[in-house]
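The structure appears below as structure tokens.
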Amino acid sequence: MKTVMKNPNGLLVIASLTILLSANALAGDVRIIANPSVNAEAISASEIKSVFLQERNSLHDGTHVEPVLSKGGPTHEAFLRDYLGRNDDALQNYYRSLVFTGKGSMPKALHSDAEVVAYVAKTRGAIGYVSATAVVDGVKTLAVYQSENDGARKLISRVEPVYPGILQSNHIGGTVRLKVTIASNGRVEGVELLGGNPILGEAAIAAVQK
Amino acid sequence: MNTSNVGSGEFTDFGANASVQVTDKFRIGAQFYDRNIGEIGKWRPAVDWAYGDYRFKNWLGIRGGKIKTALGLYNDTQDLGLLQTWAILPQAIYPLDLRSSTISHLGGDIYGALKLPKKLGTLSYTSYAGGRPQDPHGGFVLALASVGLTMHSYGGWVQGEDLRWNTPVKGLLVGASFMNQHITGDGVLTGSSSGITYLSGLLKLPVGSLEREHSKKDDYYQYYVEYAWRGLRLDGEYRREFRDEWVGYWEPSSTTMAVTFDAISDSRAWYGAAAYRVSKRLELGTYYSRFIADWRKDPSPPTNHVYDRVASARIDLTNHWYAKIEGHFMNGYGAFDSIRGFYGQQNPNGLKPGTNALVVRTGFNF
């Protein structure tokens, strides 16, 4: 993601934004976790859906994965709502249709976040979900992003950085790098200047925080 | 209207399966299935499916063995009452008595799922080929027996494709299936001991004459749509089956065919269904199903159609135990070879245009 600023003299000021979506970017109450054998650091929402519907058994990087379910509870409901788009009855029926036709298996389902974490930690390729506040020792948390194919990442509003007068008058432009953390509701939770002219950086930070 | 005060418990089935994920990409499994539906089934346990499945990539996998056939929304899951609202699926497309003609094949599948670009959803495909299992106790054989032809074998080759699109609209699935069969059969005109010599008289051939047939063309074209939103589920399917079957009869003492002809039919079937999950324990639904035995002829006579209006309630007593109660209000019974539940053997006094049925069904799964 880039913020581009043109000055009257034709100089381009580009603020490169490193967007780090937190693990709960899509579902505020759900954290996607995986066994450390899973190479990927991030996963798309559509991949999650395909993995849990057993349409695919590997991620985009080729890592074999095995879905793990929670048995009921608000985290489970949030996961079904936000990622699978079906209720628990429909999901169970879906799995049964796979089992009774031999085209899939019933995923492991566990009662608590602790059990899910423990199982995922010891099972190669396991991928599951727990509440955002769960202790996740021994597993990795996967960042979740909307697939570029889903087209769900939308620009809500665009704010052009103000070109600082002192730099403009001296024909000074440049590129700055920012690390921006965005919450699931689109609110900017944090901005950190990683490089570039500090005055331009201030202008870019002010823009992304609006 | 046919009336009967006598209920029947002759509608019972049972299945059990096991599967093992041998490696990340390879799994094997098998399922046994047994059913009793009057003259059809009668507790003859069989291997329902048994195969190995190797998935190279998400978009490419192969299966080999006895495999449930992908045809429309419910062909491969039609036995699984636990999955469905209905006690009996729409018989226009999923006739209980013709189950064996489409349920599985002994051969191989190539399958996969492709993620489409630009938020167009997912496309799943299956392509298959193999032998259609023989079913000496199925509806087709029973129907032919009702007119005096006893089949010794009836089976053959089948191949087809299924393409289903999980659209970007959440809960909307659309798909199409095609299946081609090449069937061969051998039979004999039945003797008077069976009490049925209709075909023998019609063909003016002695009892004991032999019959042989094979498909010149036997194609299924099926299109389907399903939409689910919260507790609501809507689905509908359309199927055309075109059959051109060459049939020949000869006397055992002769080396030449006495009678040959093409038996051609062009059946059309569709249904529309709606179900709503009222609560965790209760689901209500209705469907309307239409079957035209031969589209080229006037559909209005009861010999050329079966229409069925259905109202159903499903009660989930526990997570593993359900009960269903369902009313069927049918019109028509189709031709003797329509195979939609009406047989001469069970209706020796003939058939009337209207049939009402109350179906109560319960099931368990573990």
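Labels below follow one simple rule: chain letters A, B, ... track the order of the sequence lines, proteins then strands, and each chain is numbered from 1.
If you tally non-hydrogen atom pairs under 4.5 Å between each of A:Asn93, A:Thr101, A:Asn87 and chain B, the highest count goes to A:Thr101. Considering only heavy-atom pairs separated by less than 4.5 Å from chain A, the leading option among B:Gln84, B:Arg55, B:Arg63 is B:Arg55.
Other residues, nucleotides and ligands contribute only 12 or fewer heavy atoms inside 6.0 Å of the CZ atom of B:Phe14. Counting non-hydrogen atoms of neighbouring residues, nucleotides and ligands closer than 6.0 angstrom, the OH atom of A:Tyr94 exceeds 12 such neighbours.
With rounding to the nearest 0.5 angstrom, the OG1 atom of B:Thr77 is 13.0 Å from the CZ atom of A:Arg96. The distance from atom OG1 of A:Thr63 to atom CG of B:Asp24, rounded to the nearest 0.5 Å, is 10.5 Å. With rounding to the nearest 0.5 angstrom, the CG atom of B:Asn365 is 10.0 Å from the CD atom of A:Gln92. Annotation: the span from A:Ser46 atom OG to B:Asn166 atom CG amounts to 12.0 Å, rounded to 0.5 Å. Taking NZ of B:Lys280 as the start and CG of A:Asp88 as the end, the distance is 6.5 Å to the nearest 0.5 Å. In this structure, the separation between OH on B:Tyr74 and OG on A:Ser97 is 10.5 Å, given to the nearest 0.5 Å.
In this structure, the portion of B:Tyr51 lying under 4.5 Å from any heavy atom of chain A is its side chain and not its backbone. With a 4.5 Å cut-off on non-hydrogen atoms, A:Gln54 touches chain B through its backbone but not through its side chain. Using a 4.5 Å cut-off between heavy atoms, A:Val65 makes no contact with chain B at all. Contacts between B:Leu83 and chain A at a heavy-atom distance below 4.5 Å involve backbone atoms as well as side-chain atoms. Residue B:Ser104 does not touch chain A at all, counting heavy-atom pairs closer than 4.5 Å. Heavy-atom distances place the side chain of A:Arg124, and not its backbone, under 4.5 Å from chain B.
Between B:Asp76 and A:Lys103, some side-chain heavy-atom pair lies under the 4.5 Å cut-off. The closest side-chain heavy-atom distance from A:Asp89 to B:Glu283 is not below 4.5 Å.
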Legend entry - Verdict with reasoning, B:Asn17 to A:Phe100, per side chain to side chain contact (heavy atoms under 4.5 Å, CB included): CA-CA 7 Å; B:Asn17 74 64; A:Phe100 287 104; 3.3 Å; yes
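Listed here is the closest heavy atom pair of A:Gly104 and B:Arg27: O-NH2, 3.2 Å. For A:Gly85 against B:Lys170, the heavy-atom pair with the smallest separation is CA-CD, 4.1 Å.
Side chain of B:Asn58 to main chain of A:Asn57: a donor-acceptor pair is present (N/O by atom type, distance under 3.5 Å, no hydrogens or angles).
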